[in-house]
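Just below is one structure, and these are the notes that go with it.
In listed order, ligands and their atoms are each counted from 1.
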Amino acid sequence: MNVAENLNRIKAELPTNVQLVAVSKTKPEEDIMEAYKAGQRIFGESHAQELKQKYADLPKDIQWHFIGHLQTNKIKYIIDYISLIHSVDSPLLLQAINKEAAKRNVVANCLLQFYIATEETKYGLSLAEARQILESDWFKTMRNIRVCGVMGVGSFTNDIQQTHREFANLKETFDTLKACYFSTSSTFSQISMGMSGDYHIALEHGTTMVRIGSSIFGNRIYTNK
Ligand SMILES: *Cc1c(COP(=O)(O)O)cnc(C)c1O
């Protein structure tokens, strides 16, 4: 695996409006530096403590994205420097992020994660739950959250039609929320969908951010997310 070659091959496939998040979870800092030297600046991690260490050690112009399930008690490890949290999957988490961000007088960029897959192990909101959040009085008073779009993780499946349906569904959710709640907002603009196995399909459905790990860095030794 040559990280720079992999990166360049993937970047050549992406339209200019699609951002590449290089998913470096479980990978050593040397691998991240290889990608960094090849020009990559956006990296995705899914464990708060692992991210905290990497942030401390690595160049400060890296934009760190949090893509995993975030526990409220871990927000404090990442809130000072995180560029984007992809995985807001509950009202409680959103409120907790707002609170931590307020303490530090920062605004946290977030995506709402939607449950689009068939696997019960995956996280995410339904459209109805998202509507409840966006229409609530408490949401309107939040000053330290910026909702930048939506995120979803497709099913782990060989059924290509299934993946097409899931990504079409997430795109539709984005369009609905945009029309109902963010029609005048230019910041609500991101659709984070597509991983190593399915990003080509995500491109067909209007993704703006692909999260790619193993196709850049090779397979992960252990597969916990
Ligand atoms: C691990 C992970 C990825 C990257 O997966 P690959 O299949 O290695 O590209 C993308 N998104 C999320 C949410 C992940 O947890």
Inset, instruction - Please state whether Arg220 comes within less than 4.0 angstrom of ligand 1, counting heavy atoms only. - result: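 It does; at least one heavy atom falls under 4.0 Å.
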
Inset, instruction - Taking the side chain as every heavy atom from C-beta outward, state whether Thr176 and Tyr181 have any atom pair closer than 4.5 Å. - result: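 Counting from C-beta outward, Thr176 and Tyr181 never come under 4.5 Å.
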
Residue pair [X] / [Y], side-chain donor-acceptor N/O under 3.5 Å:
| X | Y | result |
| --- | --- | --- |
| Gln190 | His86 | no |
| Thr118 | Gln162 | no |
| Tyr55 | Glu45 | no |

Inset, instruction - Output yes when the distance from some N or O of ligand 1 to some N or O of Ser196 is under 3.5 Å, and no in every other case. - result: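 Looking only at distances, the answer is yes, because the N/O contact criterion of under 3.5 Å is met.
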
Legend entry - Nearest candidate to atom 15 (O) of ligand 1, where distance is taken over non-hydrogen atoms, out of His86, Met193, Arg211, Lys25: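 The residue whose heavy atom sits nearest atom 15 (O) of ligand 1 is Lys25.
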
Inset, instruction - Measure the acute angle between the ring planes of Trp64 and Phe43, then classify it against the limits of 30° and 60° as parallel, tilted or perpendicular. - result: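 Geometry flag for Phe43 against Trp64: tilted rings.
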
Which of the atoms in ligand 1, numbered in the order shown and given with their element, are less than 4.0 Å from a heavy-atom of [X]?
| X | answer |
| --- | --- |
| Ile67 | 2 (C), 11 (N), 12 (C), 13 (C), 14 (C) |
| Gly213 | 4 (C), 6 (P), 8 (O), 9 (O) |
| Ile212 | 9 (O) |

